[in-house]
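Reading through the structure tokens given below for one structure.
Counting begins at 1 with the first residue of the sequence.
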Amino acid sequence: MDGDLGDFLRSRRARIRPEEVGLPSYGRRRVPGLRREEVAQLAGVSVDYYIRLEQGRGPSVSDTVLDAVARVLRLDETEHAYLHAVARPRKPSARPSAPRVRPGVQLLLDSMERTPAFVLDARMDVLAWNALADAIFGYGSATPDARSIPRHIFLDPAARDFYPEWPAVAVQCVAHLRMLAGHHQNDRRLTSLVGELSLKSDHFRRLWADHPVRECAYGAKRVNHPVAGLLTFPYETLTIQSDTPQTLLVYTPQPGSETAERLQLLGSWKATTAATNN
């Protein structure tokens, strides 16, 4: 995505005060944070080289330079990987494959009778799910667009009630989407998704401009289900070996917890409802 490298570097320069890295601040500054020449000095490159890097018009940059810039800007591990990805984007594949979930993966999902689980692609679209995930999120009756986690969070008004900590969920979603965008810059559907959300959601546009980058590999999330009530889910993610990027996300409620008990009742209610409708 055009401008990502420069925007990212400028956002990370802005959050570091000169005195934090042993430089005099020289009074008031026109913009917060480090100047480009100061980053260049600390990274051991010429000012012109760093300016061209930030403007995205420099030559192929080495790992050594990127690592030095990451050190100066105090990037964490995920941000460091993101910097490498946006500085040296991969060439687009000639024929991008349509995401498909292998039958064996669906069997694995269906075997998880006590844990909600689903598969995501690189755009955070839900590709497959099991019965408990359907009971919580209603993926089985949703349109493909409604199975997009970013669209649900930012474009569905009900999401603010569904997620009690919606502001934190929104930040987490954007940070993870930023990370994915850095590694899949030539994904036109991903670019289109970001454009759509930027046009339709002021909140998304502001968060995207802040350039958060974070991989959401594990954590905890709470949802307020209209039938089961408040549910608290620790979660874990696993990478699926596939022709297209896919991630298995599993919610793992503590055994014997109130959430586990409510989830069991929700599963029974869903099964009864499905049997009645059939």
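Across every non-hydrogen atom of Tyr49 and Ser62, the tightest pair is OH-N, 4.4 Å. Residues Ala43 and Ala68 come closest through the heavy atom pair O-CB, 3.6 Å. The two residues Cys173 and Pro150 have their closest heavy-atom pair at SG-CA, 3.8 Å. Closest non-hydrogen pair, Ala133 versus Asn130, comes out as N-OD1, 3.0 Å. Here the shortest heavy-atom pairing between Val21 and Val72 reads CG1-O, 4.5 Å. In terms of heavy-atom proximity, Pro253 sits nearest to Pro234 at CA-CD, 4.1 Å.
For the 3.5 Å distance criterion, the side chains of Asp4 and His211 fail to qualify, holding no donor opposite an acceptor.
In this structure, Gln41 and Glu37 have side chains that are not in contact, with every pair of non-hydrogen atoms separated by 4.5 Å or more. Within the 4.5 Å cutoff, the side chain of Arg36 has no heavy atoms near those of the Val47 side chain. In this structure, the side chains of Phe204 and Leu177 come closer than 4.5 Å at one or more pairs of heavy atoms. Annotation: side chain of Leu266 is in contact with side chain of Ile136 (closest heavy-atom distance under 4.5 Å). Looking only at side-chain heavy atoms (C-beta outward), Val45 and Val39 stay at 4.5 Å or farther from each other. Residues Leu9 and Tyr50 are in side-chain contact: their nearest non-hydrogen atoms beyond the backbone lie under 4.5 Å apart. By the 4.5 Å heavy-atom criterion applied to side chains, Thr237 and His176 are not counted as neighbours. By the 4.5 Å heavy-atom criterion applied to side chains, Val61 and Arg88 are counted as neighbours.
Judged purely by atom type and a 3.5 angstrom limit, Gln246 uses its side chain to pair as donor or acceptor with the backbone of Arg100. Judged purely by atom type and a 3.5 angstrom limit, Ser201 has no side-chain atom pairing as donor or acceptor with the backbone of Leu197. A distance-only check finds a donor-acceptor pair linking the side chain of Ser268 to the backbone of Gln264 [under 3.5 Å].
Put simply, Val105 and Leu248 are part of the same group of oily side chains (I, L, V, M, F, W, Y) that touch within less than 4.5 Å, one to the next. Clustering ILVMFWY residues whenever any of their side-chain heavy atoms sit less than 4.5 angstrom apart, transitively, puts Val119 in a cluster other than the one holding Val126. Hydrophobic clustering (side-chain heavy atoms under 4.5 Å, transitive across Ile, Leu, Val, Met, Phe, Trp, Tyr) keeps Leu5 apart from Ile51. In this structure, Leu180 is not a member of the same hydrophobic cluster as Ile240, with clusters built from ILVMFWY side-chain heavy atoms closer than 4.5 Å. A single hydrophobic cluster is not seen to contain both Tyr218 and Val223; linkage of ILVMFWY side chains at heavy-atom distances under 4.5 Å, directly or through other members, places them apart.
Note that CZ of Arg10 is 5.0 Å distant from CD of Glu54, once rounded to the nearest 0.5 Å. Interatomic distance, Asp243 CG to Arg102 CZ, rounded to the nearest 0.5 Å: 8.5 Å. One distance of note links NE2 of His184 with CE of Met179; it measures 7.5 Å at 0.5 Å rounding. Note: Asp202 CG to Leu199 CG = 10.0 Å, rounded to the nearest 0.5 Å. Rounded to the nearest 0.5 angstrom, Leu249 CG and Cys216 SG are separated by 9.5 Å. Distance check, rounded to the nearest 0.5 Å: NE2 of His225 to CG of Leu230 gives 12.0 Å.
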| message | Run the salt bridge (charged side-chain N to carboxylate O under 4.0 Å, His left out) test on Asp121 and Arg147 for me, step by step, so that the C-alpha distance in whole Å, both residues' side-chain angles and the decisive distance to 0.1 Å come before the verdict. | response | CA-CA 11 Å; Asp121 67 8; Arg147 295 187 198 120; over 6 Å; no
| field | Residues Thr115, Glu236; criterion side chain to side chain contact (heavy atoms under 4.5 Å, CB included); working and verdict | value | CA-CA 11 Å; Thr115 54; Glu236 298 286 342; over 6 Å; no
| message | For Val171 and Arg214: C-alpha separation, side-chain torsions, deciding distance, then whether side chain to side chain contact (heavy atoms under 4.5 Å, CB included) applies. | response | CA-CA 10 Å; Val171 172; Arg214 189 188 319 149; 4.0 Å; yes
| Evaluation steps, side chain to side chain contact (heavy atoms under 4.5 Å, CB included), between Phe8 and Arg178 | CA-CA 10 Å; Phe8 178 65; Arg178 263 289 185 191; over 6 Å; no
| message | Show, in sequence, the C-alpha distance, side-chain angles and deciding distance for Glu196 and Arg151, and conclude whether the side chain to side chain contact (heavy atoms under 4.5 Å, CB included) test is met. | response | CA-CA 9 Å; Glu196 175 190 353; Arg151 285 192 183 97; 3.0 Å; yes
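Just one of Val101, Asp134, Leu132, Ile149 meets the side-chain contact (heavy atoms from CB on, under 4.5 Å) condition when paired with Phe118; it is Ile149. Each of Phe137, Phe233, Trp129, Tyr235 was evaluated against Pro116; a single residue qualifies, Phe233, per the side-chain contact (heavy atoms from CB on, under 4.5 Å) test.
The environment of Arg71 atom CZ is dense: over 12 non-hydrogen atoms of other residues, nucleotides or ligands sit within 6.0 angstrom. Other residues, nucleotides and ligands place no more than 12 heavy atoms under 6.0 Å from the CD atom of Glu258.
Partners of Asp210 by side-chain contact (heavy atoms from CB on, under 4.5 Å), not counting sequence neighbours, listed by chain and number: Pro212.
Under a 4.0 Å N-O distance rule, the pair Glu38/Arg13 does not qualify as a salt bridge. With respect to the salt-bridge test (charged N to carboxylate O, under 4.0 angstrom), the residues Arg15 and Glu79 qualify.
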Which pairs of donor and acceptor atoms, one on a side chain in residues 153-161, lie under 3.5 Å apart (sequence neighbours left out)?
residue: Asp156; atom: OD1; partner: Ala158; partner atom: N; Å: 3.0
residue: Asp156; atom: OD2; partner: His152; partner atom: ND1; Å: 3.4

